Peer 1: 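One structure follows; several queries about it will come next.
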Amino acid sequence: MANIPLPKPILIWLRGESRSIRHRFGTLPMEWLQYGLYRLTGRSWIDFYKNRLDGFATDSIDSRPPSQRYLDLAEGHLNYLKQHGLHPESRMLDYGCGILRLGLLAIPYLSSGTYVGLDISAGRLERGRQLLRKAGIKDDQYELHEVNDCSLKEIAEHQFDFVWAKSVFTHMPTADIEFMLRSLKPRLAAGGQFYFTFSQSDTPLRKTIKDFYFPVDMMRETCEMQGYEFSVQNDWDAKAQGDVMVRLRHLTHGDRASSGARS
Ligand SMILES: C[S@@+](CC[C@H](N)C(=O)[O-])C[C@H]1O[C@@H](n2cnc3c(N)ncnc32)[C@H](O)[C@@H]1O
């Protein structure tokens, strides 16, 4: 196909959301087939997705290091949290922490042991551990958990002042988001704040196999149904960042009385 000269608009159309003809007509249908088999055998989206991510994760951080640009973005994430009150004594959960690019900066900033990271991909967590060791951060300065579902049972002993989930709901179906929100409620300390990003669209969409898009009102309803106060953060440049930032807090009694009113 690559050798047949096609007009650019046709090439773009053929590439579709995948931005690649090979991915769209080869890899993607195979992934849907594999995912269908997972579902037929009683396994979940998380089972499928973690297996997919572990397949991409290489053993050594040195053999395929993350780009410096990707790592540098975490500085903005930490500053954002600080602007919203994160301080060295805060207890923080990095939900879907991936290769720990935020941990690299947040762990030295926070008091030892107050950073907890959690992810479905053992491969990504291992890469993160290696990244931290290379930076001189010791394993006992933080806590990590590999999870298989959204029950948060691994952190049942904890409460958090700040919860952060950057580009994680982006890869979760609604049922998993609802389960996570339900599980998080007792883990969010009084006065605690949960910041997460999601990809916005006019109608609910699933692009390729792993990218989930939601209308703001749908995300609001999902969060409010679980009893949170929901606010879209205008100090996050959604256009430049490509995603929407939301803050959730526990509803107070006053909020509960007026929860019909939208902010
Ligand atoms: C795009 S990466 C973002 C990683 C990290 N938040 C960051 O900003 O560097 C998404 C991460 O979410 C994790 N993830 C996806 N679904 C998850 C779930 N249901 N629970 C926990 N982690 C999940 C993936 O394994 C992946 O590491």
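These numbers were taken from a predicted model, which means no experiment stands behind them. Whatever order the structure lists them in is the order used to number ligands and atoms, beginning at 1.
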Peer 1: Are His171 and Tyr49, when compared by the centres of their aromatic rings, separated by less than 6.0 Å?
Peer 2: yes
Peer 1: Provide, to 0.1 Å, the distance between atom 12 (O) of ligand 1 and the closest protein heavy atom, together with that atom's residue and name.
Peer 2: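 Atom 12 (O) of ligand 1 sits closest to the protein heavy atom Val168 CG1, 3.7 Å.
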Peer 1: Can you tell me which residue and heavy atom of the protein come closest to atom 2 (S) of ligand 1, and the distance to 0.1 Å?
Peer 2: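 Scanning the protein heavy atoms, the shortest distance from atom 2 (S) of ligand 1 goes to Arg124 NH1, 3.6 Å.
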Peer 1: Heavy-atom contact under 4.0 Å between Trp164 and ligand 1?
Peer 2: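 No.
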Peer 1: Could you tell me whether the side chains of Glu89 and Ser111 share a donor-acceptor contact shorter than 3.5 Å?
Peer 2: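 Yes - a donor-acceptor pair under 3.5 Å links their side chains.
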Peer 1: What do you reckon, are the aromatic ring centroids of Phe196 and Phe194 less than 6.0 Å apart?
Peer 2: yes
Peer 1: Short question: side chain of Ser90, backbone of Met92 - any donor-acceptor pair under 3.5 Å?
Peer 2: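 Not confirmed, Ser90 side chain does not pair with Met92 backbone.
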Peer 1: Which residue and atom name correspond to the protein heavy atom nearest atom 3 (C) of ligand 1, and how close is it?
Peer 2: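 Protein heavy atom with the smallest distance to atom 3 (C) of ligand 1: Lys166 O, 3.5 Å.
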Peer 1: Examine the proximity of ligand 1 to Tyr95 and report which part, side chain or backbone, both or neither, has a heavy atom under 4.0 Å away.
Peer 2: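 It is the side chain that touches ligand 1; the backbone stays farther off.
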Peer 1: If we ignore hydrogens and angles and just use 3.5 Å, is the side chain of Tyr228 paired with the main-chain N or O of Leu181 as donor and acceptor?
Peer 2: yes
Peer 1: Using a heavy-atom cut-off of under 4.0 Å, does the side chain or the backbone of Met172 touch ligand 1, or both, or neither?
Peer 2: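 Met172 to ligand 1: side-chain contact only, backbone stays beyond 4.0 Å.
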Peer 1: Look at atom 1 (C) of ligand 1 and say which protein heavy atom is nearest, naming residue and atom and giving the distance to 0.1 Å.
Peer 2: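 Nearest neighbour among protein heavy atoms for atom 1 (C) of ligand 1, to 0.1 Å: Ser167 O, 3.4 Å.
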Peer 1: Give me the residue, atom name and distance of the protein heavy atom closest to atom 7 (C) of ligand 1.
Peer 2: Arg101 NE, 3.3 Å
Peer 1: Minimum heavy-atom separation for Phe169 to Met219, with atom names?
Peer 2: CD2-CE, 4.3 Å
Peer 1: Check ligand 1 against Ile46 and write out every atom of the ligand that is under 4.0 Å from a heavy-atom position of the residue.
Peer 2: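 The list of qualifying atoms is 19 (N).
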Peer 1: Side chains of Asp243 and Ser199: donor-acceptor distance under 3.5 Å anywhere?
Peer 2: no
Peer 1: Evaluate salt bridge (charged side-chain N to carboxylate O under 4.0 Å, His left out) for Arg124 paired with Asp119, printing each intermediate quantity in order.
Peer 2: CA-CA 8 Å; Arg124 300 198 105 217; Asp119 204 283; 5.2 Å; no
Peer 1: Under 3.5 Å between some N or O of ligand 1 and some N or O of Asp119?
Peer 2: yes
Peer 1: Checking a contact table here: which protein heavy atom is nearest atom 22 (N) of ligand 1, and how many Å away?
Peer 2: Gly96 CA, 3.5 Å
Peer 1: Counting each atom of ligand 1 from 1 as listed, which ones have a heavy atom of Leu53 under 4.0 Å away?
Peer 2: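 Answer, ordered by atom number: 24 (C), 25 (O).
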Peer 1: If you measure from each non-hydrogen atom of Trp45 to ligand 1, which part falls under 4.0 Å: side chain, backbone, both or neither?
Peer 2: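 No part of Trp45 is near ligand 1 at this cut-off.
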Peer 1: When Val116 is tested against each of Arg187, Glu154, Glu143 for side chain to side chain contact (heavy atoms under 4.5 Å, CB included), which residue passes?
Peer 2: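 Per the side chain to side chain contact (heavy atoms under 4.5 Å, CB included) rule, the option paired with Val116 is Glu143, out of Arg187, Glu154, Glu143.
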Peer 1: Which of the numbered atoms in ligand 1 are under 4.0 angstrom from any heavy atom belonging to Cys97?
Peer 2: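 So the atoms of ligand 1 that pass are 5 (C).
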